Amino acid sequence: MPSVTQPEPRQPALNLPGPSSEPPDSYWRSLYFFNGSRFVVALLLLAAIAVFGNTLSFGSMDFKLFAYVSACYVAFSSFCFLAIAWRRHFQLQLGIQVYADILFIVVLMFASGGISSGLGLLLLSGLAAAGLISRGWMTMFYAALASIAVLLEHTVQVLYFNGLTTQYVQSGLLSIGYFTTAWVAHTLAKYLVATEQLVAQREIDLANMAEVSQLVIKDMQDGVLVVDEDGLIRQYNARAEAMLGSLRQPLRRELNLRRYAPPLAQRLEEWRRNPGVGFGPMSTVALNDKVSARFVLVGHSRKVGAVIFLEDLTRVQAQVRQMKLAALGRLTANIAHEIRNPLSAISHATELLQEEPVTSDTVTRLLSIIHDNTRRLDRMVHDVLKLNRGGREHRRAFKVGAFLQIFAEQFCQIEKVPQTLIRLDLKAEPDVSFDHSHLNQVMWNLCLNALLHCRRQDASICVVVSMAGKGNIVRLDVVDDGPGVPPALRSQLFEPFFTAASNGTGLGLYIAREICEANDATLEFVETPSGAQFTIVCQGAVN
């Protein structure tokens, strides 16, 4: 399994404005809305005296001072909008705004007759907002400053303007309200900071998980498609593109699975509608002879979204073959010692008995059966050992026409069949790049297989040489006039140990294909109306 490197987790950044660093945009937005509320309050106070004049209690002690301070309050709020847009010195701007709130509201209280005007309550909202924005103990300092300012204002009223000393109680209660509001705001701010830290850590964890998922999906040997409830492809990997085709559509912002892979989309709809047999979490559905699909739901409902795993069946089949070969490799040593040595003894003893005077026809027939079957077993052991050893190819360029003529003569002599049984049809005489002994073994296996099933008449086996399409590609066809291969058996032709003949080993075609692949060639069965045809496609030699 490909290794996946997990990205190093980042440390969560605490969103607390420090003296040397500016806070994030969320702080400036909060300060902007805080100043917006100040601007609205100042504008309402100015509008109130502009509309109602001195009929209200506002400015009852000094109407001109109230009007002048209200106008200055509006102007200050407007200037603060410009300062906030500058985005510099957050703590300084916040402190100046809170100090200005205390100054303007206390002066407005004085102009309106002191504590009885009720304007001191306006500082409660300002202190609460400042506490949530600053998120520190400065809130308590702001509350202390506001309390001192309110008490000083009332003291001036008592000393110079005949204010009531009993109203100190109201001033004290208002100061307690300031401290209570500041403490609640500070407590809420602590919870807010803790929540922000937790959210930041969760965001980092999710980002790390997303990066790890991307790496895992990218390096998976299976294709992966992530599809939402509308059938839109949200995520995919390179293997999915290799199996289904390119997913990069520059003219389309979103790619629909129905448009891209209709058979797969149809299977997905069936999976969503029918959660029964055949669509389990580990079951796969074949799309064609090369790709199968497995669907896994995202969330708790199949209608929300799905992850589609695409499996390359050719790779799975190759893995199965490799597992068979691995098991075969562990057995070949025992086969060589436990079977071949006793088999040689049996064969040698049979040959000695055949040299003895014949006592009856039955004995002769039984000895012949023993001898033929020992030869068959010896050939099977030979094929198995050859398969396990493999062999390194030594390619060279040679004329395929001259090679086939010599091969046909040798094959007919050794197999004791007429020379006219094999017909060579040389539509081209190219040079091929192939291991000479490997090609001889492949052709021998194919012609021997054809010999077992053909009619054994003149030209029952035909070997055709031609050029395949464009490029320097050579095609060799081995065709026989036998009954052909039943459709039910065609998918198993190249499986090791599969044979339809009673005296076959089941390794001839498998070994032939493995040798072709080692020489960068292919060997395939071609369906024909009659007989059987096996085609080798290999690279021609460059002159």
Side-chain angles (χ1 to χ4, degrees), residues 30-52 54 56-81 83-84 92-134 138-161 163-164 167-185:
S30 300
L31 188 61
Y32 178 86
F33 290 122
F34 178 40
N35 186 66
S37 64
R38 176 186 302 109
F39 178 79
V40 170
V41 169
L43 195 62
L44 288 176
L45 292 175
L46 186 61
I49 62 173
V51 174
F52 299 102
N54 56 3
L56 300 177
S57 60
F58 295 155
S60 59
M61 184 173 176
D62 192 337
F63 184 80
K64 291 184 178 180
L65 178 62
F66 188 92
Y68 177 75
V69 173
S70 296
C72 291
Y73 202 15
V74 172
F76 173 77
S77 301
S78 302
F79 174 77
C80 286
F81 282 121
I84 293 172
L92 178 62
Q93 289 195 41
L94 177 62
I96 291 176
Q97 291 184 28
V98 175
Y99 301 149
D101 284 338
I102 296 173
L103 176 63
F104 282 118
I105 291 177
V106 168
V107 173
L108 291 174
M109 285 174 57
F110 174 78
S112 300
I115 194 69
S116 60
S117 64
L119 292 177
L121 296 175
L122 293 177
L123 285 176
L124 291 174
S125 60
L127 292 174
L132 292 175
I133 295 174
S134 65
M138 284 295 294
T139 309
M140 305 303 291
F141 172 75
Y142 296 149
L145 191 63
S147 300
I148 293 173
V150 169
L151 292 173
L152 286 177
E153 186 275 335
H154 188 65
T155 300
V156 171
Q157 290 281 359
V158 170
L159 293 178
Y160 300 103
F161 300 97
L164 299 176
Q167 290 184 338
Y168 271 112
V169 176
Q170 298 180 20
S171 299
L173 292 175
L174 186 60
S175 299
I176 294 174
Y178 291 159
F179 279 102
T180 302
T181 301
W183 180 82
V184 171

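Note that this is a predicted model, so its numbers are computed, not measured.
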Participant: How long is the straight-line distance from OG of Ser147 back to CG of Leu152, given to the nearest 0.5 Å?
Facilitator: 10.5 Å
Participant: Would Phe58 and Leu108 satisfy side chain to side chain contact (heavy atoms under 4.5 Å, CB included), going step by step from the backbone distance to the final call?
Facilitator: CA-CA 8 Å; Phe58 295 155; Leu108 291 174; over 6 Å; no
Participant: State, to 0.1 Å, how close Leu46 and Ser70 come at their nearest heavy-atom pair, and which atoms those are.
Facilitator: CD1-CB, 4.0 Å
Participant: Examine Phe110 together with Phe161 and report whether their ring centres are nearer than 6.0 Å.
Facilitator: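 Yes, the ring of Phe110 comes within the 6.0 Å limit of the ring of Phe161, centre to centre.
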Participant: Minimum heavy-atom separation for Ser112 and Leu119, please, with both atom names.
Facilitator: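 Smallest interatomic distance, heavy atoms only, reads OG-CD1, 3.7 Å.
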Participant: Please name the pair of heavy atoms, one in Ala144 and one in Phe179, separated by the smallest distance, quoted to 0.1 Å.
Facilitator: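 Between these two residues, the closest heavy atoms are CA-CZ, 3.5 Å.
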Participant: Compare all side-chain heavy atoms of Gln157 with those of Gln167 and state whether any distance is below 4.5 angstrom.
Facilitator: no
Participant: Where do Leu164 and His154 come nearest, in terms of heavy atoms and distance?
Facilitator: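 Shortest heavy-atom separation between Leu164 and His154 comes out as O-NE2, 2.8 Å.
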Participant: Does Phe34 reach the side chain of Leu94, with side-chain heavy atoms less than 4.5 Å apart?
Facilitator: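 Answer yes - side chains close enough.
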Participant: Restricting to side chain to side chain donor-acceptor pair (under 3.5 Å), what partner residues turn up for Tyr168, sequence neighbours left out?
Facilitator: Thr155
Participant: Would you compute the distance between atom OG of Ser116 and atom CE of Met109 and round it to the nearest 0.5 angstrom?
Facilitator: 8.5 Å
Participant: So, using side-chain contact (heavy atoms from CB on, under 4.5 Å) as the criterion, who are the partners of Ala146 when residues are at least two apart?
Facilitator: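 For Ala146, the residues satisfying side-chain contact (heavy atoms from CB on, under 4.5 Å) (neighbours in sequence not counted) are Ile102, Leu123, Leu127, Tyr178.
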Participant: Is the closest side-chain heavy-atom distance between Ile96 and Phe76 below 4.5 Å?
Facilitator: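 Ile96 vs Phe76: side chains touch.
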Participant: State, to 0.1 Å, how close Gly113 and Ser60 come at their nearest heavy-atom pair, and which atoms those are.
Facilitator: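 In terms of heavy atoms, the two residues are closest at N-OG, 4.1 Å.
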Participant: Begin with the C-alpha distance, continue with both residues' side-chain angles, and end with the deciding distance and a verdict on side chain to side chain contact (heavy atoms under 4.5 Å, CB included) for Leu159 and Val156.
Facilitator: CA-CA 5 Å; Leu159 293 178; Val156 171; over 6 Å; no
Participant: Return the CG to OG distance between Leu43 and Ser77, rounded to the nearest 0.5 Å.
Facilitator: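 Reported value, rounded in 0.5 Å steps: 9.0 Å.
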Participant: Evaluate whether atom OH of Tyr68 has more than 12 neighbouring non-hydrogen atoms of other residues, nucleotides or ligands under 6.0 angstrom away.
Facilitator: no
Participant: Going by the side chain to side chain donor-acceptor pair (under 3.5 Å) test, which pairs reach into residues 33-51, not counting sequence neighbours?
Facilitator: Asn35-Arg38, Arg38-Gln97, Arg38-Asp101
Participant: What distance separates Tyr73 OH from Phe66 CZ, expressed to the nearest 0.5 Å?
Facilitator: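 It comes to 11.0 Å.
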Participant: Could you report the tightest heavy-atom contact between Ala83 and Gln93, atom names first, then the distance?
Facilitator: O-NE2, 3.0 Å
Participant: Within the structure provided, determine whether Val40 and Leu44 are in side-chain contact (heavy-atom separation under 4.5 Å).
Facilitator: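 Yes, close enough: below the 4.5 Å cut-off.
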